[in-house]
Amino acid sequence: MRIGDVVRDARKSQGMTLSELASRSSCSVSSLFELETNGLGTVALLKRVVKALDLKFVGLPGHGPVFERLRLRREYLGLAKSEVAAKAGVSPDALACLERGEARIATMERVAKRLAPKLRPRAPEISRYGGGVRNERLTDHGVWERIEKAIGVSPIDLDPCGHVLSPVRAKRRYSVEDDGLKQQWVADWAYVNPPYAFTAAFITKAVAEWQADRLKNAILLLPSNTQLAVFHDKLVGNADILLLRSRLQFLDETGQRLGKIPFGHYIAMLGGSGEILDRLMAGFPSVHLPKDARRTSG
């Protein structure tokens, strides 16, 4: 496992830019770039970045920073610092610094390779359901009919997360191969039901296209991981948000109905009108967070 790759992949999956993550981690953009590209930096920097990304790691005992859990692992195995240092190819002083949280990331990676060869980032809880079905799940016919009725347009202009078996009727769809994140979303109405692993990236893209006035209106159907920074920074204050009272059903990649997903979802509407919002709430019992009612703390 290369820490720089883990950080970069987590940042991109959450739709964050280097500057956004640097700001949240209280570090410079150049420091973060060096961490992602070359694995350079201190474990103190990594601790701040991991916290900003809400990254969790498995393969070690405990729940704190990796450097502390490596110490717990060494003590559990009854290994002397000198023995671990020799096997990892670092000096005893460097290992002592690591266990105090004062070493370089490269030192941590070498020690982890010896003490925790299965160390890896934990998959987001929201992606682990239904026997391993994680990303591709298609909007159910009944769900789409309610959304389409609320919008009052059929077909809509764009489905940037399209699939040939999806019941979503759209004039234009971008498949996985087209990569909707790389396309311009020029449309009056778009419907976005993104792969769970790229929820944050599609939220960021939708808001950017809407703010650029290429996308006039959009409905996003999203998993209720409202702890993500992108929810607070991109959607709150820009979108009308409906927290759905009931769990939804989806279709798998063959068009067969899946069981109810074991977590909630919400609908976010960019643009739109009060009448469309009323019809959405009539079709989906929910709690409404108005786009013009932003209040924050902390």
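Keep in mind that what you see is a predicted model, and the values were worked out from it rather than measured.
- Defined by atom type and a distance below 3.5 Å, a donor-acceptor pair is present between the side-chain atoms of Thr17 and Ser19.
- No donor-acceptor distance shorter than 3.5 angstrom exists from the side chain of Arg73 to the backbone of Leu60, with no hydrogens or angles considered.
- In the model, Ser286 has no side-chain atom that pairs as donor or acceptor with a side-chain atom of Tyr266 under 3.5 Å.
- Remark: Arg120 fails to qualify as a cation-pi partner of Phe57 under the 6.0 Å distance and 45° angle criteria applied to the six-membered ring.
- Salt-bridge check for Arg169 with Glu148: passed, with a basic side-chain N closer than 4.0 Å to an acidic carboxylate O.
- Note on Lys149 versus Glu145: no salt bridge recorded, every NZ/NE/NH1/NH2 to OD/OE distance being 4.0 Å or above.
- Side chain of His232 to main chain of Thr226: a donor-acceptor pair is present (N/O by atom type, distance under 3.5 Å, no hydrogens or angles).
- By the criterion of side-chain heavy atoms lying less than 4.5 angstrom apart, applied directly or through intervening Ile, Leu, Val, Met, Phe, Trp or Tyr residues, Leu40 is not grouped with Val111; the two fall into different hydrophobic clusters.
- Contact annotation: the side chain of Glu99 approaches that of Arg74 to within less than 4.5 Å [non-hydrogen atoms, C-beta and beyond].
- A distance-only check finds a donor-acceptor pair linking the side chain of Asp140 to the backbone of Gly142 [under 3.5 Å].
- In this structure, Lys216 does not pair ionically with Asp188, as no charged nitrogen and carboxylate oxygen lie closer than 4.0 Å.
- Between the side chain of Glu109 and the backbone N or O of Ile3, at least one donor-acceptor pair lies under 3.5 Å.
- Heavy-atom minimum distance, Ile151 versus Ile219: CD1-CG1, 3.9 Å.
- Heavy atoms from other residues, nucleotides or ligands lying under 6.0 Å from CZ of Arg69 number more than 12.
- Nearest heavy-atom pair, Met108 versus Val66, reported as atom, atom and distance to 0.1 Å: SD-CG1, 3.8 Å.
- Salt bridge status for Lys56 with Asp54: present, with a side-chain N to carboxylate O gap under 4.0 Å.
- Side-chain N or O atoms of Arg146 include one that pairs as donor or acceptor with a backbone N or O of Gly283 at under 3.5 Å.
- Ion pairing between Glu20 and Lys234 holds under the 4.0 Å rule for side-chain N and carboxylate O.
- Looking at heavy atoms from C-beta onward, Val236 lies in side-chain contact with Phe231 at the 4.5 angstrom threshold.
- Remark: the backbone N or O of Ala103 is not paired with any side-chain donor or acceptor of Thr107 at under 3.5 angstrom.
- Heavy-atom neighbours of Arg110 CZ from other residues, nucleotides or ligands within 6.0 Å: at or below the threshold of 12.
- For Phe263 and Tyr196, the gap between ring centers is short of 6.0 Å.
- Side-chain heavy atoms closer than 4.5 Å link hydrophobic residues (I, L, V, M, F, W, Y) into clusters, and following such links, possibly through other members, connects Leu79 to Leu98.
- Across all non-hydrogen atoms, the minimal contact from Ala85 to Leu95 is N-CD2, 4.0 Å.
- Between Trp185 and Tyr174, the distance from one ring center to the other does not fall under 6.0 angstrom.
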